[in-house]
Amino acid sequence: MKKQLQKLLYQSLQAIKSEGMEISIEKEDIKIEYTRDLIHGDFASNIAMLLAKKNKCNPRELANKISENLPQTDFIARTEIAGPGFINFFLNQNAYLSVVLDILEKGTSFGNSNIGNNQPILIEFVSANPTGPLHIGHGRGAAYGDAISNLLNKIGFDVDREYYVNDSGRQMNILTLSIWLRYLELMGKKINFPEKAYQGDYIKKIAHEIKEKYADEFLISNIQSLNLSNNKNDEEEMLDSMINSCINELGEEKYTVIHKISLDSILTSIKKDLSDFGVTFDKWFSENSLMKTDSLNKCVSKLEINSKIYEKDGAKWFRSSDYGDEKDRVIMRENGQSTYFASDIAYHVSKYERKYKKIINIWGADHHGYIPRVKASIEALGYSPKVLEILLVQFAALFRGKKKLQMSTRSGQFVTLKELVMEVGKDAARFFYVMRKSEQHLDFDIELAKSESNDNPVYYIQYAHARICSVFNQMKEKKYAFTKIKNISDLSVLDEPQEISLLSSLAKYPDVIESSAITYEPHQLAYYLKELANYFHTYYNANQFLVDDEKLRNARLSLIDATRQVIKDGLLQLGVSSPEKM
RNA sequence: GCCCUGAUAGCUCAGCUGGAUAGAGCGUCCCCCUCCUAAGGGGAAGGCCAGAGGUUCGAAUCCUCUUCAGGGCGCCA
């Protein structure tokens, strides 16, 4: 509808232009907005005020002129000039009513568009290290990423969801060590378990599984070699030396077995937690595969050829400062190991090589300092940094009551996503997460989320859906007939104010979807659904649907049937279910 | 120190690329089921949009500064 009005205004302006007035504006720049109040009509444009400024003429006069030159249409009842020079558009009833037909006809595809033109787009999100269960912060990224994926899909992009698995590197070694030490404990050895190793109970559980399956296969004779290195000077150094002795004592082969079991076990539970949360990925991209296929080395040598790398203090540095980063970054450490950043470069190259037209990363906001160097590496390798869009999600600060919980994966103190979903339910958790702007800090009080779960807005929306379903059930019980309406004239009896409000709200849905998708702001959709549910509840309280007048009954049932469709589809985009009974 | 984010009703937050009297939920106070689920609806009270300048027909929205809050600045990931 906005686009149609835009077109009309453009045509009118062209007509005025041919009369000699100087007007230069692109059709896309003509702004149409929803009015806040229906007394100002349905849509308004400020175009006259904008052009009046440039041409130094009276905005109201210009507005009049534009209005007079608008082509005739069958959906505009009238226009009005208001305030300093707004052009207000009043739609005629048919324009409203047609949305019901449109929704019922299109069903789940109502609100779809082809803005994306089937372009392939990659969305990478969550990507938590496989060193422990997902916690509440990851849940936000998961809910947000999935909602955006759904929305972009709905406006015609070909979306791939990807999870980047950091399955190599030091963190994984610490994990392997932690599990092995717990295993040794289970085998009756006395172990000095380092504070900075992973402490969670899940470590012991995996150790136990290994014991069950492999018995004493990973037992070593001299535990002393481990504890000898236990000097308290530097915990981190101690971990590294313990990892080394672990590999030495076990041998590369056995170490790899434990490494793999640990990784598989944790990854499996991460996948399970996510799928219980309604989030599934098209691809789990392994960091390790970048090493295996040598693509990491290729990236480094390519940068070296372009002389974007130099050596200092025995390490290799990438000249990211050439591309606006604060300083240069190490990609190859003095000890010969590549950094996380090096893998990340190779990973992004892989994304570009897979020919995505748009690449979206969803990161925790604590990684924002990372953006310039990643963009720098992309540019240095000859790719367009514009294709890559990095969206930041603030982590949730956790509260239990008034007490803030400190979270740390290593110390094993955290509330997991799984626990959250068990406490507040999937629907509430998903909706809560996307209800607010992603870059806003979120104080997630678990107690509050639990205690208020009955007042949760998600139930309000779901309730509207369930109520509509209930009306249709009642209809059957009361033996009322419902014949599908065929044309607009069947709906012409809908003229109650609550009906007009509801119709007008339904008509906005495609615009809301589009806007939520292209701005990556699913909270817009969440707010819209609350508003839509409110219009419905108001309607419900003010009018009876199951009336004897057949024409009225059919029209009203069609209207709420369309409402049901939009609520269900909107919730679906956010990963929230639409129960038929509550 | 430098760089991000944010600051709107008692609380939690919306407010779309500047637009008409600043919105919602919760909480508080009234009212509404002989009726399709009251997990609902209607109404009232409640705001110097952190502060100060600037840009213009017009600013919660854009620019600058100040104050406050959270986060980031590793050969960690």
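Convention: sequence-line order gives letters A, B, ...; per-chain numbering from 1.
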What is the separation between atom [atom1] on [X] and atom [atom2] on [N], rounded to the nearest whole Å?
{"X": "A:I243", "N": "B:A77", "atom1": "CD1", "atom2": "P", "answer": "12 Å"}
{"X": "A:Y459", "N": "B:C26", "atom1": "OH", "atom2": "C1'", "answer": "16 Å"}
{"X": "A:H537", "N": "B:A24", "atom1": "NE2", "atom2": "P", "answer": "16 Å"}
{"X": "A:I345", "N": "B:A77", "atom1": "CD1", "atom2": "C1'", "answer": "15 Å"}
{"X": "A:L239", "N": "B:A77", "atom1": "CG", "atom2": "P", "answer": "14 Å"}
{"X": "A:M582", "N": "B:A38", "atom1": "CE", "atom2": "C1'", "answer": "14 Å"}
{"X": "A:F536", "N": "B:A39", "atom1": "CZ", "atom2": "P", "answer": "14 Å"}
{"X": "A:Y527", "N": "B:U8", "atom1": "OH", "atom2": "P", "answer": "13 Å"}

N/O to N/O distances under 3.5 Å, protein versus nucleotides 15-19 of chain B:
from  : atom 1 : to     : atom 2 : distance (Å)
B:G15 : OP1    : A:H523 : NE2    : 3.0
B:G19 : N7     : A:N46  : ND2    : 2.7

[atom1] atoms of [N] and [M], separation to the nearest Å:
{"N": "B:A24", "M": "B:G46", "atom1": "P", "result": "14 Å"}
{"N": "B:U12", "M": "B:G47", "atom1": "C1'", "result": "16 Å"}
{"N": "B:U61", "M": "B:C76", "atom1": "C1'", "result": "40 Å"}
{"N": "B:A38", "M": "B:G42", "atom1": "P", "result": "14 Å"}
{"N": "B:C62", "M": "B:A14", "atom1": "P", "result": "15 Å"}
{"N": "B:A22", "M": "B:C16", "atom1": "P", "result": "15 Å"}
{"N": "B:A60", "M": "B:C49", "atom1": "P", "result": "8 Å"}
{"N": "B:U17", "M": "B:G1", "atom1": "P", "result": "33 Å"}

* **Derivation of the salt bridge (Lys or Arg N to Asp or Glu O under 4.0 Å) call for A:D240 and A:R170** => CA-CA 8 Å; A:D240 284 333; A:R170 184 162 176 270; 2.7 Å; yes

* To do: List for me each residue that meets salt bridge (charged side-chain N to carboxylate O under 4.0 Å, His left out) alongside A:R140, sequence neighbours excluded, and say none if there are none.
  =>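 With neighbours one apart ignored, the set is empty.
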
* Stepwise salt bridge (Lys or Arg N to Asp or Glu O under 4.0 Å) check, A:E124 with A:K351 -> CA-CA 10 Å; A:E124 181 223 326; A:K351 290 180 177 179; 2.7 Å; yes

Every protein N/O lying under 3.5 Å from an N/O of nucleotides 72-75 of chain B:
from  : atom 1 : to     : atom 2 : distance (Å)
B:C73 : O2'    : A:E326 : OE1    : 3.3
B:C75 : O2     : A:E334 : N      : 2.7
B:C75 : N4     : A:D313 : O      : 3.1

Indicate whether OP1 or OP2 belonging to [N] is found under 4.0 Å from a side-chain N or O atom of [X].
{"X": "A:N534", "N": "B:A24", "answer": "no"}
{"X": "A:T538", "N": "B:G42", "answer": "yes"}
{"X": "A:Y463", "N": "B:G41", "answer": "no"}
{"X": "A:Q171", "N": "B:C76", "answer": "no"}

* To do: Return each pair, listed once, that meets salt bridge (charged side-chain N to carboxylate O under 4.0 Å, His left out) where at least one residue sits in residues 327-343 of chain A; pairs must be two or more places apart or across chains.
  => A:D325-A:R329

Checking all strands, does [X] fall into the base, sugar-phosphate, or nothing category for heavy-atom contacts under 4.0 angstrom?
{"X": "A:A52", "value": "nothing"}
{"X": "A:A466", "value": "base"}
{"X": "A:N88", "value": "base"}
{"X": "A:A542", "value": "nothing"}
{"X": "A:E439", "value": "sugar-phosphate"}
{"X": "A:D325", "value": "nothing"}
{"X": "A:K581", "value": "base"}

Pairing nucleotide - [N], Watson-Crick or G-U, each distance under 3.5 Å:
{"N": "B:U17", "answer": "none"}
{"N": "B:U61", "answer": "none"}
{"N": "B:G1", "answer": "B:C73"}
{"N": "B:C26", "answer": "B:G10"}
{"N": "B:G46", "answer": "none"}

* To do: For salt bridge (Lys or Arg N to Asp or Glu O under 4.0 Å), just list the numbers for A:R556 and A:E499, CA-CA rounded to whole Å, side-chain angles, deciding distance to a tenth of an Å, and then say yes or no.
  => CA-CA 9 Å; A:R556 287 186 171 169; A:E499 288 165 341; 2.9 Å; yes

* Asked: Which residues pass the side chain to side chain donor-acceptor pair (under 3.5 Å) test with A:E580, sequence neighbours left out?
  ->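 Expected list: none.
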
* Tell me, please, which residues at least two apart from A:S338 pass side chain to side chain donor-acceptor pair (under 3.5 Å). =>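 Once residues adjacent in sequence are excluded, A:S338 has no partner under the side chain to side chain donor-acceptor pair (under 3.5 Å) criterion.
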
* **Which residue lies more 5' along RNA chain B, comparing A:K478 with A:Y460 via nearest heavy atoms** =>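 First, find each residue's nearest nucleotide; the 5'-ward one identifies A:K478.
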
* Take A:N129 and A:V471, find for each the nucleotide of RNA chain B with the closest heavy atom, and name the residue whose nucleotide sits nearer the 5' end. =>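 The residue closer to the strand's 5' end, by nearest nucleotide, is A:V471.
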
* Asked: For the atom pair CD1 (A:I345) and OG (A:S350), what is the distance rounded to the nearest 0.5 Å?
  -> 13.5 Å

* Say you draw a straight line from OH of A:Y539 to CZ of A:R467; how long is it, rounded to the nearest 0.5 Å? -> 13.5 Å

* Salt bridge present between A:R430 and A:D427 (N-O < 4.0 angstrom) ->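 Salt bridge absent between A:R430 and A:D427.
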
* State plainly whether the residues A:E477 and A:K479 are in salt-bridge range, i.e. N to O under 4.0 Å. => no

* Lys NZ or Arg CZ of A:K530 over A:Y527 ring: under 6.0 Å, within 45° ->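 Yes.
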
